[in-house]
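No experiment lies behind these values; they were computed from the predicted model shown.
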Amino acid sequence: MVSPPFREIIYTPTSRIRSPKRLLAEMWSDLWHSKDLAWRLFTRDIRSQYRSSFLGTAWAIVPAAMTAGGLAFASSAGVINVGETDIPYPAFVMLGTILWQTFLEAFKSPEQAIKASRTVLSRVKFPHEAIILSQLGQVLFNLLIKLVLLVVIFIVFKVSVGWTVLLAPFAFISLIVLGTGIGLFLVPINHLVQDVSRSMDVLLLVWFFLTPVIYPVPDNALIAFLVRLNPVTPLLVTARELTTTGVVSEPIGFWVMSLIAIATLLFGWLVFRLSIPFLVERIS
Amino acid sequence: MGSSSVGPAVSDSLPSSDSILSVQNVSKKFCRNLKRSYLYGLQDIFSEVAGLERQSDRLRDQEFWAVQNISLEVKRGESIGLVGVNGSGKSTLLRMISGLMKPDTGRIVVRGRVAALIALGAGFNPLLSGRENVFINMAILGVSRKDISDRFDDVVNFSEIWEAIDAPVRTYSSGMRARLGFACAIYTQPDVLLLDEVLAVGDAMFRAKCYRRLAEMREQGTSFFLVSHNSNAVLNLCNTAVFLQKGQMILHDTAEQVISRYEEALLDYKADANKGAAAAVTAKGDSTLATELTIDKVFFIDKTGAPIDALKSGASASICICCSVQEPIDDAIVIVMIRELNSGTDCVLHISSERDKQPLPLSSGSAEIRLNLPYCGLSPNLYVMKITVARRPFYVFDMVESFRFEVRKSKNMNQCQFYQPREWQLHTAEPAPCEPVSADVS
């Protein structure tokens, strides 16, 4: 929509991927032009969310705090046994939950974005990157609030933090990038095949248990194998290590996975972009 | 199949340089079966991402053409109307032009800034204030932050919700929301404005205001692409029009031609809606429209100049339209449309001073415009008359929406659809020059 006068736009049935140069130029220009709109949408969503709730920003913390609290209690009562952790278990669980939830929110953000702007999508042409960016803004916003809680927990349990905490944001971002990339890639399937979106909650639960969120990376043969196959593991573990001990156990895994995450994001973006016109036909 | 579509031909070559919008052999297919349509969606997305040929020009199982082989061109400053019954593909075409969907065949070339008014206030968040929503809505419509700030006052003035602009939109009435949405859309200042039935909202006063604003935009060179069921809207705003039926272009011609054809077709669909209601002879109370001219009174007089309360078939009479004119108008147009009260929406008589090439210069003060009918050709019945005073490009000064009147019997009119003025003569052996009848029934 942000077109200077006389710019010629041509719509044809041919796949846009056949003129990759133009497609990439369009993607870049839309991304650039959507930043203003994304900011507006982001502030709109944040404002309207907190204007209609009394607890306000607390909602960003409550789920993570409850999960962590419950698990810490279960662990201290001896109901579950997760083995040795580098830091006190409540802090460990809190950090893990925050990381996992951030990944999850990023993963769900494209679907959320489309659900929230269904009507606009089917009626107005605008750079669709904006809705994704604004959702990511929310993910980051929620993360910042949760980190405040984390700082409190760390102080309470006297967890010392190394200088590597300064590098931790990179790992956090890699997690978000991976989540968003997979989420974007799944947009068409999620919206066109109901079965996939329905089974998503179950799949995510399984995925949660296969990720070292509430337990450290295990040594046990089978589960350890599965956990290591999990693409989230190296990113989450590295983020946790950078934040706490500063000793990165799997630097290569982290780098490889980060690169894969970036590639996933780019590919997911492409799929998302190309599939929107087809989705608009069917979701309006 | 499209070979039968008539009207101004659009060549297959590149659109001429002053065309702002060119639609070339465009088709779109849909699938009625939901599950299949999702499946086809996945298929199409896969081909799109993989860069394969998706053979979109062929129908798959259970698919149909929603729009088929449409070609048209809109030049800068020109406007085009799109009429057709529900499901004839109007909105689909509009959505393809606005870039929301990909065409399945052909191509669409747009030169300039397009704004689509497909839904008013899409994206309004009910929890936020009107002010916040204006900024967001206009940002979605592609207006930069600075331009929004510059135009904000105009938007609020136009939508007339000064006092409520800081209240949450949830507290607005639907009319207020529509007004704000319309104002936002209109101040995006596009080159082409796509309008999809959005003018059906709001009260008569606001609608009139919208039409006037649209007329102003037309004068400034904005093109319109108007989808409407409202014949008047199309006649007023568009030079040409397209009649779509089942996705195919039936007729592409001047707005008048297309509308009359469309209304003919509509007769098959519409049942009579205008029943009941007592006949009020002198109408007019609310002056809702422009300030330049208002219609004060409409009445009939007979040939002696005495007011009468009904017309008589075959008798002469005049329709008097009394107006107060505030500023001199040198090119007023009066349009009189008469419909039968009880038989649907077809117009039996459409008289326009413009078509009759009758200039009506009005100086300020009060004026009485008379439409003399040497013979009233209407058959005895109840009728509704709509009187519009306007100027070109269509700008309505005032109108009388429905003036009900009766036409009474003067002679035996059994088995007659209308009154035919006539004379009888008997020719004897010596031929006399035949005197033609001077008057005619329009």
Relative to chain A, which segment of Ser56(B) carries a heavy atom at a distance below 4.5 Å: side chain, backbone, both, or neither? side chain
Cation over ring, Lys35(A) on Trp32(A), under 6.0 Å and within 45°? yes
Could you tell me which portion of Leu274(A) (side chain, backbone, both or neither) has an atom closer than 4.5 angstrom to a non-hydrogen atom of chain B? both
Shortest non-hydrogen pair, Ser98(B) vs Leu194(B), comes out as CB-CD1, 3.5 Å
Name the region of Arg18(A), side chain, backbone, both or neither, that has any atom closer than 4.5 Å to a heavy atom of chain B. side chain
Counting heavy-atom pairs under 4.5 Å with chain A, which one of Ile45(B), Leu100(B), Val49(B) comes out on top? Leu100(B)
Can you list every pair that meets ring pair (Phe, Tyr, Trp, His ring centres under 6.0 Å) and has a residue in residues 128-150 of chain B, with sequence neighbours left out? Phe135(B)-Phe152(B)
Below 4.5 Å from any heavy atom of chain B, which atoms of Ser117(A) appear? Answer side chain, backbone, both or neither. neither
If I compare all heavy atoms of Ala183(B) with all of Ser159(B), which pair ends up nearest, and what's the gap? CB-CB, 4.0 Å
Heavy-atom distances under 4.5 Å only: say whether Glu48(B) touches chain A with side chain, backbone, both or neither. both
Is a salt bridge present between Asp36(A) and Arg40(A), judged by a nitrogen-to-oxygen distance below 4.0 Å? no
Which atoms of Tyr40(B) approach chain A - backbone, side chain, both or neither, heavy atom under 4.5 Å: both
When you measure from the side chain of Ser27(B) to the backbone of Asn69(B), do you find a donor-acceptor pair of N or O atoms at a distance under 3.5 Å? yes
Aromatic plane relationship, Trp39(A) with Phe42(A) - under 30° parallel, 30 to 60° tilted, over 60° perpendicular: tilted
If you take all heavy atoms of Pro190(B) and Thr222(B), which pair is closest and at what distance? O-CG2, 3.6 Å
Are Asp30(A) and Arg273(A) close enough for a salt bridge, meaning some N to O gap below 4.0 Å? yes
Is it the side chain or the backbone of Lys35(B) that comes within 4.5 Å of chain A heavy atoms, both, or neither? neither
Could you check which of Glu132(B), Glu53(B), Lys28(B), Met96(B) has the highest count of heavy-atom pairs closer than 4.5 Å to chain A? Glu132(B)
Using a cut-off of under 4.5 Å on heavy-atom pairs, state which of Leu94(B), Ile108(B), Val26(B), Thr188(B) scores highest against chain A. Ile108(B)
Side chain from CB out, backbone as N, CA, C, O: work out which of these in Leu39(B) comes under 4.5 Å of a heavy atom of chain A, or both, or neither. neither
Answer with side chain, backbone, both or neither: which region of Asp104(B) has an atom nearer than 4.5 Å to a non-hydrogen atom of chain A? backbone
Contacting moiety of Leu121(A), where chain B heavy atoms sit under 4.5 Å: backbone
At a heavy-atom separation under 4.5 Å, does Ser129(B) approach chain A through its side chain, its backbone, both, or neither? backbone
